[in-house]
Amino acid sequence: MTQNILVTGGNGQLGQELQKVITLQKYPNYNFIFSDVDTLDITDKTQIRAFVNEYNINIVVNAAAYTAVDKAETEAVLAYLINEKGASNLAEIAHEFDLLLIHISTDYVFDGRSVSPYKTTDTPNPLSVYGKSKLAGEIAIINSGCRSAIIRTSWLYSEFGHNFVKTIIKLIKEKKELNVVNNQIGAPTYAGDLAALILKFIEKKNDLKGCNIYHYANEGVISWYDFAVEIVKLSKSDCKINPIPAELYPSKTTRPQYSVFNLSKIKNELEIEIPDWKESLKKMF
């Protein structure tokens, strides 16, 4: 029987990567329905219920989010509306119709003060409005009682949308040297790999009971400076990258200094190998 899968945030970088993956690899048992705010407003629960009824939805992938980290400090109401209320609405409808909800969250739910990779059982402590709104969304999903997989990811990039990789590619064409922060540590996540992971969760839908939290990023531990150096290398640019501390980089938001995930849970449960960050960056190029 064909499964109807709603993907919110269809115009975002993850949504577009999912569209690319299912175009390249056919999934005859799945009918993907991509929506964005123009076709489905996730802040309106009545609209979600009608949509789920009309299209006979079986699984929801929530890739919609307010992700403007700095702007969230002055647009908190909007950030919470999308990241908390939107997630809460989807979770309540998922519970009502007994759907599986796959929800994308972030490393920003942590304060970045750890000295070892974050486990899914570690206590969140977000420092920014963005992080707090995403954690509020996670809590709403847990409290709804719906079947769910919350996937926290970090440093997401792809050939679509706005992200660090595309920004660096643009800047190195315009400048002879760039200053990039070298004391914020984490791991990038290629949205194409995350899209493939979501499809694995869809395939394992019957194994998922209750609420499950996972951490996913590409393998490796680097700084933004290391990331930029590799982007320059793959771009065959002669732009010079200068390492600077975060304290010298103006920002409205306190960003996590350490965003490394412990990936053992997701690797063990899904029996997967996660690509190294350099290999995934080459795939994007």
Side-chain angles (χ1 to χ4, degrees), residues 14 62-88 90-91 101-146 148-157 163-164 181-189 194 210-224 227 245-267 269 274 277:
L14 178 56
N62 184 28
Y66 180 104
T67 58
V69 175
D70 286 336
K71 284 176 71 177
E73 297 300 312
T74 53
E75 293 184 352
V77 172
L78 182 58
Y80 272 92
L81 183 64
I82 297 168
N83 293 343
E84 180 185 23
K85 182 64 175 172
S88 177
L90 289 168
L101 172 62
I102 300 171
H103 174 78
I104 309 304
S105 193
T106 174
D107 57 304
Y108 275 73
V109 300
F110 296 112
D111 58 23
R113 293 171 183 151
S114 180
V115 292
S116 60
Y118 281 104
K119 298 176 183 175
T120 59
T121 51
D122 287 336
T123 304
N125 183 34
L127 302 176
S128 63
V129 168
Y130 168 67
K132 290 172 183 174
S133 68
K134 288 297 287 181
L135 178 60
E138 288 188 12
I139 292 168
I141 291 168
I142 293 165
N143 289 342
S144 75
C146 75
S148 58
I150 295 169
I151 307 169
R152 294 174 180 151
T153 193
S154 60
W155 299 19
L156 192 66
Y157 72 93
N163 55 69
F164 181 81
V181 169
N182 71 338
N183 63 340
Q184 288 177 350
I185 306 300
T189 307
L194 181 56
C211 181
N212 308 267
I213 298 176
Y214 299 92
H215 288 170
Y216 184 82
N218 285 121
E219 292 278 14
V221 179
I222 61 169
S223 68
W224 290 111
F227 201 12
E247 295 73 26
L248 295 181
Y249 187 84
S251 174
K252 295 177 183 176
T253 312
T254 304
R255 286 169 161 75
Q257 290 290 108
Y258 183 86
S259 291
V260 181
F261 285 147
N262 182 313
L263 304 173
S264 58
K265 179 180 178 181
I266 202 161
K267 287 196 286 191
E269 288 195 17
I274 298 175
W277 72 273

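Residues take their numbers from the sequence shown, with the count starting at 1.
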Results of side chain to side chain donor-acceptor pair (under 3.5 Å) for N218 - residues two or more places apart only:
D193, S280

Within the 4.5 Å heavy-atom criterion, are R152 and T106 side-chain neighbours or not?
no

Quick one: does S148's side chain have a donor or acceptor within less than 3.5 Å of a partner on I150's backbone?
no

Roughly how far, to the nearest 0.5 Å, is the OG atom of S223 from the CG atom of N182?
5.5 Å

Rounded to the nearest 0.5 angstrom, the SG-CG distance for C211 and L101 is 8.5 Å

Verify the ring-centre separation between Y157 and F164: is it less than 6.0 angstrom?
no

Considering only heavy atoms from C-beta outward, does the side chain of D122 approach that of N262 to under 4.5 Å?
no

Please report the interatomic distance CG(L194) to CG(L156), rounded to the nearest 0.5 Å.
6.0 Å

Between S88 and K85 (side chain of the first, backbone of the second, donor and acceptor by atom type, cut-off under 3.5 Å), is there such a pair?
no

Could you pull out the closest heavy-atom pair between S144 and A91, with the gap in Å?
OG-CB, 3.4 Å

All side chain to side chain donor-acceptor pair (under 3.5 Å) counterparts of S105, not counting sequence neighbours
E138

At their closest point, which heavy atom of Q184 faces which heavy atom of W155, and how far apart are they?
O-CH2, 3.8 Å

If we count only N and O atoms by modelled type, under 3.5 Å, do the side chains of T153 and T189 hold a donor and an acceptor together?
yes

Could I get the full list of ring pair (Phe, Tyr, Trp, His ring centres under 6.0 Å) partners for Y216, not counting sequence neighbours?
none

Strictly by modelled atom types, are D107 and S259 linked by a side-chain donor-acceptor pair under 3.5 Å?
yes

In this structure, CD1 of I151 is separated from OH of Y214 (nearest 0.5 Å) by 8.5 Å

With sequence neighbours left out, the residues meeting side chain to side chain contact (heavy atoms under 4.5 Å, CB included) with N183 are V181, P245, A246, E247, Q257

Distance-only criterion, 3.5 Å: show the donor-acceptor pairs between side-chain atoms of residues 70-77 and protein atoms not counting sequence neighbours.
residue, atom, partner, partner atom, Å
D70, OD1, S251, OG, 3.4
D70, OD1, T253, OG1, 2.6
D70, OD1, R255, NH1, 3.1
E73, OE2, V129, N, 3.0
T74, OG1, K71, O, 3.2
E75, OE1, Y66, OH, 2.6

Going from NZ on K134 to OG on S128, what distance comes out if it is rounded to the nearest 0.5 angstrom?
11.5 Å

T120 vs I266 side-chain heavy atoms within contact, under 4.5 Å:
no

Test side chain to side chain contact (heavy atoms under 4.5 Å, CB included) on N62 and I104 and set out the steps.
CA-CA 6 Å; N62 184 28; I104 309 304; over 6 Å; no

If the condition is ring pair (Phe, Tyr, Trp, His ring centres under 6.0 Å), which residues does Y258 pass it with, not counting sequence neighbours?
none

By side chain to side chain contact (heavy atoms under 4.5 Å, CB included) - contacts of A136 (at least two apart):
Y80, E84

Side-chain touch N83/Y130, heavy atoms, less than 4.5 angstrom:
yes

Residues forming a side chain to side chain donor-acceptor pair (under 3.5 Å) with W277, sequence neighbours excluded:
none

Side chain to side chain contact (heavy atoms under 4.5 Å, CB included) involving A187 - partner list, sequence neighbours excluded
A217

Test of understanding: with ring pair (Phe, Tyr, Trp, His ring centres under 6.0 Å), list the residues that count as partners of H103, not counting sequence neighbours.
none

Would you say that P126 contacts F110 through its side chain, given a criterion of any heavy-atom pair below 4.5 Å between the two side chains?
no

Taking only residues two or more places apart in sequence or in another chain, which ones pass salt bridge (charged side-chain N to carboxylate O under 4.0 Å, His left out) with E219?
K267

For D111, give me all partners under side chain to side chain contact (heavy atoms under 4.5 Å, CB included), at least two apart in sequence or on another chain.
R113, Y118, N125, L127

